[in-house]
Amino acid sequence: MQANRELFDEVMVPNYNPSAVIPVKGEGSRVWDQTGKEFIDFAGGIAVNCLGHCHPALVSALKEQGEKIWHLSNVMTNEPALRLAKKLTDATFAEKVYFANSGAEANEAALKLARRWALDKFGAEKSQIIAFNKGFHGRTFFTVTVGGQAAYSDGFGPKPADVTHVDYNDLSAFEKTISDNTCAVMMEPLQGEGGIISPNPEFVQAVRELCDKHNALLIFDEVQTGVGRTGDLYAYQGLGVTPDILTTAKALGGGFPIGAMLTTTDIASHLKVGTHGSTYGGNPLACAVAEAAFDTVNTEAVLSGVKAKEQLFRDGLNAINDKYNVFSEVRGKGLLLGAVLNDKFEGRARDFLVASAQHGLMSLVAGTNVVRFTPSLVITNEEIAEGLARFEQAVAAVVNG
Ligand SMILES: *Cc1c(COP(=O)(O)O)cnc(C)c1O
């Protein structure tokens with residue numbers, strides 16, 4: 001059997017349109033496809049592979065746990081899940097952890113918890129959820145409805161009710177919308193999929209204060225920003241604003257599917273026995289790999305390395321821009337960076353992604369106008385230089401038609 005791109009069209013549901021490149025092996029920030037062509041990976045599996053491909057610590061955790069026990073269900077707890085939960089609570093504001101298998105599931109749990117908390121404490125009136133235009137929270141029906149892109153949530157029939165959207169960083173619109181009937185506010189502490197949009201620190205501070213004033217829970221979706229991505233373990237720590245509930249996934253497992261919702265003991269008490277659950281949530285294999293990823297990332301060396309590597313990316317992208325004049329701005333934080341195309345190249349982010357792949361570089365887009373980079377947090381400086389050189393060739397190819 002030929003496992004090639006044609007087979008995708010034959011046997012896969014057509015909700016994706018993947019590249020013709022089929023990677024078969026990865027090591028650190030290098031990947032090889034079926035033909036042996038080598039790529040530098042600036043995409044990191046969409047901010048998932050925080051330690052690159054096949055990091056020895058993760059491979060050994062996977063092998064070790066794989067020879068002990070794989071799965072138990074939530075009828076029994078397990079050692080890796082307990083250890084990981086303890087480490088997550090020790091390192092954050094949170095006191096309690098719920099494990100899921102993805103970002104959307106962690107967010108689904110957060111939203112259900114917020115609704116249950118509000119119902120228990122204040123009654124059925126307090127059900128409004130405020131979220132932000134261009135926000136992204138996953139693809140389950142509740143999370144995609146809370147996400148700020150109607151194109152993703154329309155066309156599936158009646159949506160979960162009482163979800164309101166306002167513009168990110170628009171404090172006056174937010175102030176007019178929040179009330180005592182607001183149950184929760186869900187936001188990314190830096191919008192990823194929406195185009196790498198940083199929050200205005202005063203805006204986030206004011207959102208926190210207004211949530212307190214109206215007894216609404218503040219939920220930070222750190223699925224993309226979490227686990228070192230912005231140079232802090234979690235982005236809220238760099239913002240100086242603490243949420244009531246935090247969700248984390250993507251980099252949490254370094255490539256193994258896992259998500260988690262973190263909160264306080266008081267709020268967590270509203271998810272009583274039987275109110276919510278997941279067959280695989282807290283699976284020992286996932287938690288063992290995530291524990292190894294967490295131990296490796298949550299060190300001064302890796303976190304300060306992210307800030308140093310951010311500067312290398314910014315310097316390199318600015319140098320490319322000085323030569324080719326393609327970006328209006330390089331924005332983002334840590335290794336969650338976006339090169340925003342200027343008017344001349346408006347809407348052509350995908351062309352840069354395709355040209356990059358042709359020149360041996362894996363990159364991403366965020367919307368139609370931003371080329372996004374979310375590499376491994378431990379990508380070497382040499383790999384950054386080599387990847388930027390390939391990106392420059394790709395930019396030259398796009399500019400020269
Ligand atoms: C990717 C992402 C999600 C969805 O995560 P899945 O694992 O795909 O369900 C949710 N929120 C944010 C901010 C994300 O970037």
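Each ligand, and each atom within it, is numbered from 1 in the order the structure gives.
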Contacts table for ligand 1: protein N or O within a distance under 3.5 Å of ligand N or O, distances only.
residue  : atom   : partner : partner atom : Å
ligand 1 : 7 (O)  : Gly103  : N            : 2.8
ligand 1 : 9 (O)  : Gly103  : N            : 3.4
ligand 1 : 9 (O)  : Ala104  : N            : 2.7
ligand 1 : 11 (N) : Phe136  : O            : 3.2
ligand 1 : 11 (N) : Asp221  : OD1          : 3.3
ligand 1 : 11 (N) : Asp221  : OD2          : 2.7
ligand 1 : 15 (O) : Gln224  : NE2          : 2.8
ligand 1 : 15 (O) : Lys250  : NZ           : 2.5

Evaluation steps, salt bridge (Lys or Arg N to Asp or Glu O under 4.0 Å), between Arg314 and Glu310: CA-CA 6 Å; Arg314 284 183 177 276; Glu310 170 185 3; 2.9 Å; yes

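- Between the side chains of Gln128 and Ser179, no donor-acceptor pair is found at a separation under 3.5 Å.
- Just one of Gln237, Lys333, Lys307 meets the side-chain contact (heavy atoms from CB on, under 4.5 Å) condition when paired with Thr230; it is Lys333.
- A cation-pi arrangement is present between Arg139 and Tyr152, with the terminal nitrogen or guanidinium carbon under 6.0 Å from the aromatic centre and inside a 45° cone about the axis.
- The shortest distance between side-chain heavy atoms of Leu113 and Thr263 falls below 4.5 Å.
- Side-chain atoms of Thr248 and Glu222 form no donor-acceptor pair, as typed in the model, at a separation below 3.5 Å.
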